[in-house]
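Report on one structure; see the data block that follows.
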Amino acid sequence: MSGLLVVTAVPAEADAIRAGLTDAAVTDAAVTVVPAGVGPAVAGAATARLLALAEAAGRPYRAVVSAGVAGGFAGRAAVGDMVLGTASIAADLGAESPDGFIPVDELGMPPALLGGGSVLPADPRLLAALRAALPSATVGPVLTVSTVTGTAAGTEELRRRHPEAVAEAMEGYGVAVAAAQAGVPFAELRTISNPIGPRDRDAWRLREALAALTTAAPALR
């Protein structure tokens with residue numbers, strides 16, 4: 001069996017995680033870190049391919065972690081915080097209606113077509129291990145969106161529909177679906193680079209969020 005597969009969106013996130021791992025951990029394949037691309041579709045497709053190739057080679061991964069930076073809901077996760085997802089939620093997968101957003105789970109489709117639904121919980125044992133290694137991390141659901149929230153109205157709508165959510169990113173649900181289809185444990189680790197709300201690049205703190213990823217990386221060994 002191979003080690004842990006860590007999937008990030010971009011190379012900067014992957015480099016930050018590798019910087020926090022010992023040379024031995026990388027050399028002996030205890031942790032494989034792959035920048036798969038931005039968004040749930042490419043992240044899910046790339047993860048599925050990596051899992052299938054490893055299984056075909058007789059060295060399946062023991063678990064998958066979606067990792068990287070994220071936006072945090074004010075009052076729940078501050079810039080620089082580490083976040084562990086109790087679940088990855090496809091927050092914009094569904095349909096609009098005059099009465100508001102309808103999650104895909106409520107559209108009357110056969111369960112077999114929903115791939116587990118729009119809410120995919122983290123593996124309890126993997127999440128517990130990460131929580132033990134990162135006791136200061138904020139813990140709660142992490143939303144996956146294809147369009148980053150950039151208005152006050154959009155932020156409040158997400159807060160209303162997901163009152164326990166702590167952060168928003170773009171890949172977790174896609175990686176979670178791939179892991180679920182392969183029967184591999186999954187978790188999501190994020191560090192907060194910006195508050196969710198009206199788009200303001202000057203408020204982003206990518207350097208601090210990437211440094212937090214490096215600090216969190218030893219928990220992935």
Side-chain angles (χ1 to χ4, degrees), residues 2-21 26 29 31-57 59-72 82-85 87-94 104 115-116 118-120 122-123 126 141-150 158 165 167-194 196 199 201 204-207 209-214 216-217 220:
S2 296
L4 178 71
L5 175 60
V6 179
V7 180
T8 72
V10 298
E13 295 166 324
D15 290 343
I17 291 170
R18 292 189 188 107
L21 298 171
V26 175
V31 183
T32 300
V33 187
V34 179
V38 177
V42 67
T47 302
R49 179 176 181 273
L50 291 166
L51 293 176
L53 288 172
E55 184 175 359
R59 294 179 286 103
Y61 288 102
R62 64 177 175 85
V64 182
V65 174
S66 176
V69 303
M82 300 175 192
V83 166
L84 292 172
S88 296
I89 301 175
D92 52 12
L93 182 61
V104 68
S118 62
V119 180
L120 294 180
D123 178 78
L126 180 56
V142 176
L143 307 183
T144 297
V145 295
S146 294
T147 301
V148 174
T149 304
L158 286 180
E168 163 191 283
M170 299 184 74
E171 295 78 32
Y173 180 79
V175 178
V177 169
Q181 293 289 322
V184 177
F186 165 84
E188 185 166 3
L189 166 66
R190 296 286 171 180
T191 57
I192 304 303
S193 60
N194 58 280
I196 299 170
R199 188 169 176 80
R201 289 299 298 268
W204 289 24
R205 298 292 180 266
L206 284 174
R207 182 176 299 178
L210 291 172
L213 272 182
T214 299
L220 299 170

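The analysis underlying the following values was restricted to heavy atoms, covering all of them including side chains, and did not include hydrogens, waters or symmetry mates.
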Closest non-hydrogen atom pair between [X] and [Y], with its separation:
| X | Y | value |
| --- | --- | --- |
| Leu206 | Ser193 | CD2-CB, 3.8 Å |
| Ala167 | Ile196 | C-CD1, 4.2 Å |
| Gly72 | Ile192 | N-CG2, 3.6 Å |
| Leu4 | Arg62 | CB-NH2, 3.7 Å |
| Val31 | Leu220 | CG2-O, 3.6 Å |
| Val42 | Ala36 | CG2-O, 3.5 Å |

Heavy-atom donor-acceptor pair, Thr32 side chain to Leu5 backbone, under 3.5 Å: no
Side-chain donor or acceptor of Thr191 paired with backbone N/O of Ala209 under 3.5 Å: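 At least one qualifying donor-acceptor pair exists.
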Among Asp92, Val142, Val145, Thr144, the one residue meeting side-chain contact (heavy atoms from CB on, under 4.5 Å) with Tyr173: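 Per the side-chain contact (heavy atoms from CB on, under 4.5 Å) rule, the option paired with Tyr173 is Thr144, out of Asp92, Val142, Val145, Thr144.
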Taking only residues two or more places apart in sequence or in another chain, which ones pass side-chain contact (heavy atoms from CB on, under 4.5 Å) with [X]?
| X | result |
| --- | --- |
| Val119 | Ala87, Ile89 |
| Leu158 | Phe73, Ala91, Leu143, Thr149, Arg161, His162, Glu168 |
| Ala14 | Thr8, Arg18, Val33, Pro35 |
| Val38 | Ala9, Val10, Met170, Glu171 |

Test item: Leu210 and Glu13 side chains (from C-beta on) under 4.5 Å apart, heavy atoms: yes
Pairwise distance CG(Leu213) to CE(Met82) - rounded to 0.5 angstrom: 8.5 Å
Output side-chain donor-acceptor pairs under 3.5 Å for residues 182-189, partner residues at least two apart or in another chain, one line each.
from	atom 1	to	atom 2	distance (Å)
Glu188	OE1	Ser88	OG	2.5
Glu188	OE2	Arg190	NE	2.9
Glu188	OE2	Arg190	NH2	3.3

Summary of salt bridge (Lys or Arg N to Asp or Glu O under 4.0 Å) pairs that have at least one residue in residues 35-48, sequence neighbours excluded: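 Found none.
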